[in-house]
Amino acid sequence: MSKGLPKRSEDYSLWYNELVKKAGLAENSAVRGCMVIKPYGYAIWEKMQRVLDDMFKATGHENAYFPLFVPKSLFEAEEQNAEGFAKECAVVTHYRLQTDPDNKGKLRVDPAARLEEELIVRPTSEAIIWSTYKNWIQSYRDLPLLVNQWANVVRWEMRTRLFLRTAEFLWQEGHTAHATAEEAIAETEQMLHVYADFVENYMAVPVVKGIKTPNERFAGALETYCIESLMQDGKALQTGTSHFLGQNFAKAFDVKFATKEGGLDYVWGTSWGVSTRLMGALIMTHSDDEGLVLPPNLAPIQVVIVPIYKGEEQLAQISEKVNQLKKELQAKGISVKFDNRDTERPGFKFAEWELKGVPVRIAIGGRDLENGTAEVARRDTKEKSTQQFDSLTTYIPALLEEMQASIFNKALQHRAEHTTKVDSYEEFKQVLETKGGFVLAHWDGSPETEERIKEETKATIRCIALDAEDEDGVDMLSGKPSKKRVYFAKAY
RNA sequence: CGGGGUGUAGCGUAGCCCGGUAUCGCGCCACAUUUGGGAUGUGGAGGUCGUAGGUUCGAAUCCUGCCACCCCGACCA
């Protein structure tokens, strides 16, 4: 491991890439655009999954699994959706290889093994799922149908970045069917709130809840809800989406149900998802030039204990105390690592665990043995303090809780400082160029002005906030009247 | 996919213009001394120079194709 990371202030992208690799989260693979998620990175993802999965179950959802491949005829059934994803689909055309007669030791695609119908590698699973739902739903008694799946999907991206945009990524996709539009909308909103709850309270990343403009809407949806977060470099990142699909997929796949009243009607759908992109948000929101800063609620290791000793005898003395402490902390649900490697020195370990973002470090040395103390260092502020050893079992849980709140508040403050109201296009452009961040401005609601602003400034409308206040104003470009401000930003 | 760049040991690099079998640092292995913020010394291992062809007596170096990565665009969770 080489020392030091690039500075955020000098090259934010480089800092991000190096951090992801050096902290052992992920690396590029032999496959273009696809990453290898390494054990430490995957451990964080697993914690995210566990929490989210519990939240999904608590709101009545069940997990299932649908195929990776979607026959082309199914894929194209919902036209809007198919067209939206067409440009980035991987397609399976053959099912067999053979030895290449012209090139010894090499294989080639067997031209005789062409599939009668091409298979699309799912960029999302609406098609395969709704074609299945047709068979699952006959009556209002079968509704609502609340299913989630954890899966990988493939979108053939031109330009990729670890976690933020990869050709293959991991996510969960919820797909539900309801008897009424109201119920489906309530589900769409509910899941948006679930995501917001998770992202704010576990990831400690503040979100703006809102709806997308028609331009930014999911292909095939009537309404797309989203949560948007602001990264340290002033760019926005969508951290989750929830779609109200109306009856679009029900109609495309002929999913009808017998109503209580004896009629026959198409069901109403939703879909919602978060992906490994959340990892990118987690990294970019809190981390610093020394490495990752992980919120205690998602850190695979919450506390690391580093012994400082001279000789094996002293290590044995320290170990005895540490093992007892470790047991007590673990009993309180805290994950603890005792880094008793004899092959690295304390200073090296300090730097390494800081790079990996472990929230709390406890160091115990000879002096502490004599005094009955320990040195406690918190990762977020890098403050160190000396604590009574016996108080640690109450001090540490409280500290972790305090840190969780503290890093959220820090991110919240950063967002507040980088959210600017503007009333003129000049000011708008100036804010984008100088400080970045969210820019709150009036918009006349037309796709034309939205498009023009995007072309001229690279900024897009991230969302129309659900809690936006009514305020009469005029579009900064067209001068037409507007009822509320919308969130603009340059985005990932 | 367009424009630009890069690819040499696990990582970071020198050498490439001007062809003669590869430099340095970190890391790795062994031993010793060390251990309260990225240890030091001594010895050692590790390379089909991204890949496939071509030119040449000889290619990391020159030429061509391909692959991957990075930056900037277009596209996007």
Side-chain angles (χ1 to χ4, degrees), chain A residues 1-6 11-14 16-18 21-22 27-35 84-89 103 106 123-124 152-173 195 212 215-216 218-219 224 226-229 236-243 271-281 290-291 306-312 314-315 318 339-355 361-371 373-375 377 382 384 386 454-455 458 460 462 491-492:
Chain A
M1 193 177 314
S2 54
K3 285 185 196 175
L5 282 171
D11 191 336
Y12 195 83
S13 295
L14 188 64
Y16 175 82
N17 288 336
E18 289 296 309
K21 286 184 240 177
K22 287 188 171 159
E27 61 189 33
N28 288 306
S29 70
V31 193
R32 159 182 250 154
C34 296
M35 66 178 164
F85 285 104
K87 296 184 298 295
E88 45 186 349
C89 286
N103 209 341
K106 297 287 165 73
T124 181
N152 60 338
V153 288
V154 170
R155 296 181 187 175
W156 213 260
E157 299 291 349
M158 294 305 162
R159 214 176 135 189
T160 60
R161 293 193 67 191
L162 294 168
F163 290 120
L164 297 173
R165 182 171 302 110
T166 46
E168 179 193 20
F169 58 89
L170 306 184
W171 76 349
Q172 58 68 217
E173 43 182 329
Y195 287 154
K212 287 290 189 190
N215 264 349
E216 303 274 330
F218 176 70
T224 288
C226 64
I227 48 176
E228 292 281 332
S229 301
L237 182 70
Q238 179 175 304
T239 32
T241 51
S242 182
H243 314 291
S271 68
W272 28 274
V274 295
S275 70
T276 37
R277 176 178 255 198
L278 287 178
M279 294 285 294
E290 273 73 54
V306 177
I308 298 160
Y309 58 93
K310 292 185 171 60
E312 281 186 27
Q314 196 173 45
L315 175 60
I318 293 170
D339 185 359
N340 59 357
R341 285 177 296 175
D342 192 34
T343 49
E344 309 296 345
R345 304 171 92 239
F348 179 90
K349 293 178 183 177
F350 291 179
E352 188 178 35
W353 293 117
E354 276 164 15
L355 177 63
R361 180 186 72 230
I362 301 174
I364 301 176
R367 284 208 302 271
D368 294 305
L369 283 183
E370 285 172 26
N371 303 333
T373 56
E375 181 193 78
K382 306 204 64 193
K384 287 190 268 197
T386 301
K454 183 178 174 183
E455 270 170 31
K458 311 286 178 222
T460 50
R462 299 321 302 156
Y492 275 97

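To find a chain, count down the sequence lines: A is the first, B the second, and so on, and within it residues start at 1.
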Exercise. Is R361(A) salt-bridged to E352(A), cutoff N-O under 4.0 Å?
Worked result: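 So R361(A) does not pair with E352(A) through a salt bridge.
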Exercise. Are any of the side-chain nitrogens in E168(A) or R155(A) under 4.0 Å away from the carboxylate oxygens of its partner?
Worked result: no
Problem set entry | Closest non-hydrogen atom pair, E173(A) against V153(A) | OE2-CG1, 4.2 Å
Exercise. Donor-acceptor pair, R277(A) side chain versus F163(A) backbone, under 3.5 Å?
Worked result: no
Seminar exercise, completed: Rounded to whole Å, the NZ-C1' distance (K212(A) to A77(B)) equals 10 Å
Problem set entry | Between P of C26(B) and NZ of K22(A), the distance in whole Å | 15 Å
Exercise. Looking at residues at least two apart in the chain, or sitting in another chain, which of them share a ring-ring contact (aromatic ring centres under 6.0 Å, His included) with F85(A)?
Worked result: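 Partners of F85(A) under the ring-ring contact (aromatic ring centres under 6.0 Å, His included) test: F218(A).
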For this session: Using ring-ring contact (aromatic ring centres under 6.0 Å, His included) as the criterion, list what pairs up with Y492(A), not counting sequence neighbours.
Result: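 For Y492(A), no residue satisfies ring-ring contact (aromatic ring centres under 6.0 Å, His included) once neighbours in sequence are set aside.
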Exercise. Taking for each residue the nucleotide of RNA chain B bearing the nearest heavy atom, is the 5' side occupied by I364(A) or by T276(A)?
Worked result: I364(A)
For this session: For E375(A) and for T166(A), locate the closest nucleotide of RNA chain B by heavy-atom distance; then report the residue assigned to the nucleotide nearer the 5' terminus.
Result: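 This one resolves to E375(A).
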With the criterion being N/O to N/O and under 3.5 Å, what pairs connect the protein with nucleotides 66-68 of chain B, and how long is each?
| unit_1 | atom_1 | unit_2 | atom_2 | d |
| --- | --- | --- | --- | --- |
| A68(B) | OP2 | R32(A) | NH1 | 3.3 |

List the residues meeting salt bridge (charged side-chain N to carboxylate O under 4.0 Å, His left out) with [X], not counting sequence neighbours, and say none if there are none.
X       : answer
E18(A)  : K22(A)
R367(A) : none
D339(A) : R341(A), K349(A)
E157(A) : none

Taking [M] as the reference, what is the distance to [N] when you measure between their [atom1] atoms (whole Å, please)?
N      : M      : atom1 : answer
G44(B) : U48(B) : C1'   : 24 Å
G47(B) : U42(B) : C1'   : 25 Å
C26(B) : A14(B) : C1'   : 15 Å
G4(B)  : A22(B) : C1'   : 29 Å

Problem set entry | Watson-Crick or G-U pairs under 3.5 Å in RNA chain B, rendered as dot-bracket with [ ] for crossing pairs and | for another strand | ((((((((.[[[..)....(...]]].((((((.....)))))).....[[[[[..)....]]]]])))))))....
Exercise. Under 4.0 Å between a side-chain N/O of R345(A) and OP1 or OP2 of A39(B), yes or no?
Worked result: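 Affirmative; the distance criterion is met.
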Exercise. Who passes side-chain hydrogen bond (donor to acceptor under 3.5 Å, both in side chains) against T166(A), sequence neighbours left out?
Worked result: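 side-chain hydrogen bond (donor to acceptor under 3.5 Å, both in side chains) list for T166(A), sorted by chain: empty.
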Problem set entry | Heavy-atom side-chain proximity of T239(A) to S229(A) below 4.5 angstrom |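 They are in side-chain contact.
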What's touching nucleotides 44-47 of chain B from the protein side, N or O pairs under 3.5 Å?
none

Seminar exercise, completed: The contact string for nucleotides 2-9 of chain B, one letter per nucleotide 5' to 3', using protein heavy atoms under 4.0 Å with B, S and - for base, sugar-phosphate only and none, comes out as --------
Pull out every protein N or O sitting under 3.5 Å from an N or O of nucleotides 71-75 of chain B, one pair per line with the distance.
| unit_1 | atom_1 | unit_2 | atom_2 | d |
| --- | --- | --- | --- | --- |
| C72(B) | OP2 | R159(A) | NH2 | 2.3 |
| A74(B) | OP1 | K458(A) | NZ | 2.9 |

